[in-house]
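Inspection log for the structure reproduced underneath, given as structure tokens.
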Amino acid sequence: MQILVLNAGSSSLKVDLLDSQSGDRTATLRAQRLGTPQASYSLESPGQARQSTELPGADHAAVLQAVLPTLTKHPIQAVGHRVVHGGTDFSRPTKLDSSVLATIASLESLAPLHIPANLAGIHTAMALLPDLPHIAVFDTAFHSTLPRRARSYAIPQELGYRRYGFHGPSHQYVSKSAAAYLDEDPRDLRIITCHLGNGASVTAVEYGRSVETSMGYTPLEGLVMGTRCGDLDPGILLDMLRSGKTLDQVDDILNRGSGMAGLSGVGNDLRDIEDRAADGDEACRLAIQVLTHRLRKYIGAYAAVMGGVDAIVFTAGIGENSALVRHRVCQRLDFLGARFDEDKNRDAQVDRNTPVAEISRSNSRVRILVAKTDEARAIAGAVGKVAAGGEELAENPPIPIGISARHIHLTQEAVETLFGPGYTLTERAPLSQPGQFACNETLTVVGPKRSIEGVRVLGPIRPKCQVEVSRTDEFFLGIDAPVRASGDVANTPGVTLKGPAGTLTLKEGLICAWRHIHMTNADAERYGVKHGDIVDVTINSSGRDLTFGDVMIRVKDSYALEMHIDTDEANAAQISRGDVGALVSSGKGGTLLRRRTNFDPA
Ligand code: AMP
């Protein structure tokens, strides 16, 4: 599928026409200095000489208007737009319509330089190509899986600041390229991806999901960049403002006058800085030392965050080309199991045909790789999936956790015994699974030792009665109930239920619910699991992380994606509302599935 990918900056425009699967380019357009008398663009197609055109005063619309007749000679199936910020609203590629556009516009304060430029590109392209689907791909989306502890700043939460992360398509793309090179599933790997371009960020990709990243609320946090400072004591900002600098001056210093340019005093191009450092320029030497020291610090930190690392990946202009930076960053990483090969590093070269090169020694446990990033290809791939009618499916999207309190399922006959002849259950609140609800009715569960009052009945009625309690409840009641999947009540202990109109002693049906995940067939396909599989799920709780083994997969198209655990399990992991889990493999190189159950859960 041919996808037109637009990346509109404030004074620049990058357009690529490429195949969403092979990545083969049909045309590449680069326009710069838009809105100034020096505006120009160049257009390149395979087998044809690059055409450069001056278009004084041209804006995004003028350039697109000039080149579209050439580009639309080729069939185009969809247009992909890079959008720098999706806030908390967008965690997936999203088809653009007026309401999505309005939401993107409302995010302008999060990226005041980028969002207006992104929108200008989108509006122009939608006006010029009204019959094609237009799909936005967000820089922040890949990082929507950051756990709360990683996305929170230690300032009052009501101020509304949080970490978002950027360069998502690149981190996701190179982590997948690295996994493909290593012949592994990304869900089996912990990867640190270092995107080192003029803007730079590093991400911890744990089993296919971003769990930490160095850019935060804005792309200013983190690594030393071309002209951006990265991490900084916020006290410096206060001091600058107190000492009389204006807001605009501070903005200018931190965003445009810092980083490699600020440290070296010779601009932001690392090639010049490396040359001068080699000639003995002290400021340039310091710039390289600060850049590489900080990245080493992050790599150590991210290995600790993930409890280990399987691969470290360098990408973007500096990551792909600077052997010196890679050498300085990877020295003395042996303690991590990362053994760097100086010769391979010097010779490493990546391009579209050879997208990954290895620079670790053959006995290195941690593989060190150089990978070619291709953001347009990453966007085209995502857009192709959406345009083909399938949603872009994340590698390992988070699974919402639902906590089941003790509850009772009843047959109609039991309802009438307990609540009176002709009685029907009444709905109090819907449950997350479609068609299921909590009832107004409650019962007392009577055990040999003690009773529990007020146990809620869930509807609708079922063919068999079943009482689901936690391990703590079992001890309290004095009955030893087995862990069973819902519906599998053969040879389980009975229990007595007391209602307003009568008492019913069940011969069987008291169980401790087998923790499970409800999902649709499409979900099952996406996670690579089947009905009845047993998997491990790691919980990024706000309190105590826990990996649950023996989690049963239950597939039905009427289900909503959710993992159900009981209150004991939730307490053990200190889980609160909104916490999510992720499928993990049972170990490095292991398969996702450990075994399948004999029982076929209904
Ligand atoms: P990007 O933003 O990914 O285009 O990367 C731009 C950065 O890559 C600039 O700072 C360039 O100086 C740097 N870069 C490109 N080629 C090289 C090279 N051969 N050696 C060192 N730095 C390079």
Side-chain angles (χ1 to χ4, degrees), residues 5 7-16 28-32 42 44 82 84 113-114 117 139 166-174 177 193-203 214-215 219-220 222-230 255-279 281 283-292 294-295 313-330 342 344-352 354-357 359 369-379:
V5 176
N7 180 356
S10 50
S11 63
S12 68
L13 177 65
K14 294 181 186 170
V15 181
D16 292 90
T28 304
L29 171 113
R30 297 289 178 262
Q32 49 275 315
S42 66
E44 212 174 341
R82 180 177 182 178
V84 76
L113 296 180
H114 292 92
D139 256 47
F166 297 86
H167 292 141
S170 177
H171 288 293
Q172 186 171 23
Y173 182 82
V174 297
S177 302
T193 49
C194 310
H195 176 107
L196 312 177
N198 204 23
S201 63
V202 51
T203 294
S214 59
M215 283 178 167
L220 192 53
L223 300 178
V224 177
M225 302 179 225
T227 63
R228 281 173 255 166
C229 59
N255 272 301
R256 287 167 287 280
S258 295
M260 297 304 278
L263 278 166
S264 71
V266 299
N268 62 344
D269 196 314
L270 185 72
R271 285 163 287 204
D272 299 338
I273 297 169
E274 285 186 3
D275 288 347
R276 286 176 184 247
D279 292 339
D281 185 314
C284 289
R285 283 186 175 177
L286 178 66
I288 292 169
Q289 283 166 353
V290 178
L291 169 91
T292 51
R294 193 171 300 172
L295 179 53
V313 184
F314 290 90
T315 192
I318 295 171
E320 290 166 28
N321 296 298
S322 175
L324 175 83
V325 164
R326 296 191 302 253
H327 156 83
R328 284 187 161 270
V329 171
C330 293
E342 298 287 358
K344 286 187 193 166
N345 181 48
R346 255 192 312 276
D347 296 342
Q349 268 200 327
V350 288
D351 55 32
R352 288 205 180 115
T354 313
V356 179
I359 54 172
L369 307 173
V370 180
K372 173 131 194 83
T373 193
D374 189 341
E375 283 160 314
R377 185 167 176 189
I379 293 169

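As the structure lists them, so they are numbered: ligands from 1, and atoms in each ligand from 1. Index from 1, following the sequence.
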Are there protein heavy-atom neighbours of atom 15 (C) of ligand 1 below 4.0 Å?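 Yes, there is a protein heavy atom closer to it than 4.0 Å.
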Is there a protein heavy atom less than 4.0 Å away from atom 4 (O) of ligand 1?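 Not a single protein heavy atom is under 4.0 Å away.
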I need the nearest protein heavy-atom contact for [atom]: residue, atom name and distance, please.
| atom | answer |
| --- | --- |
| atom 12 (O) of ligand 1 | Asp269 OD1, 2.6 Å |
| atom 20 (N) of ligand 1 | Arg271 CG, 3.5 Å |
| atom 17 (C) of ligand 1 | Asn321 CB, 3.4 Å |
| atom 13 (C) of ligand 1 | Ile318 CG1, 3.6 Å |
| atom 6 (C) of ligand 1 | Asn198 N, 3.7 Å |

Could you check whether any side-chain N or O of Thr373 sits under 3.5 Å from a backbone N or O of Ala316, counting only pairs where one atom can act as donor and the other as acceptor?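 Between the backbone of Ala316 and the side chain of Thr373 there is no qualifying donor-acceptor contact (under 3.5 Å).
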Any donor and acceptor pair, going by atom type alone, linking the side chain of Arg326 with main-chain N or O of Glu320 inside 3.5 Å?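 Answer holds: yes.
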Check: Leu196 and Leu291 side chains under 4.5 Å, non-hydrogen atoms: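 The answer is no, as the side chains (C-beta and beyond) never meet within the 4.5 Å cut-off.
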Where ligand 1 meets [X] - atom numbers and elements under 4.0 angstrom, heavy-atom basis:
| X | value |
| --- | --- |
| Asn268 | 10 (O) |
| Leu270 | 10 (O), 12 (O), 21 (C), 22 (N) |
| Gly197 | 1 (P), 2 (O), 3 (O), 5 (O) |

Salt-bridge criterion met for Asp351 and Lys372 (N-O under 4.0 Å):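 The answer is no: the pair does not qualify as a salt bridge.
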Charged N to carboxylate O below 4.0 Å: is that the case for Asp279 and Arg285?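 Between Arg285 and Asp279 there is no salt bridge, as every charged N stays at least 4.0 Å from the carboxylate O atoms.
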Regarding Thr203 and His167, is there a side-chain donor-to-acceptor distance under 3.5 Å anywhere?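 Checked: Thr203/His167 side chains show no N/O donor-acceptor pair below 3.5 Å.
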Verify the neighbour count for atom CZ of Arg276: are there more than 12 heavy atoms of other residues, nucleotides or ligands below 6.0 Å?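 It does not: Arg276 CZ has 12 such atoms or fewer within range.
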Lys14 atom NZ: more than 12 heavy-atom contacts under 6.0 Å: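 Incorrect, the count does not exceed 12.
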Would one find an N or O of Gly317, backbone or side chain, under 3.5 Å from an N or O of ligand 1?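 Such a contact does occur with ligand 1.
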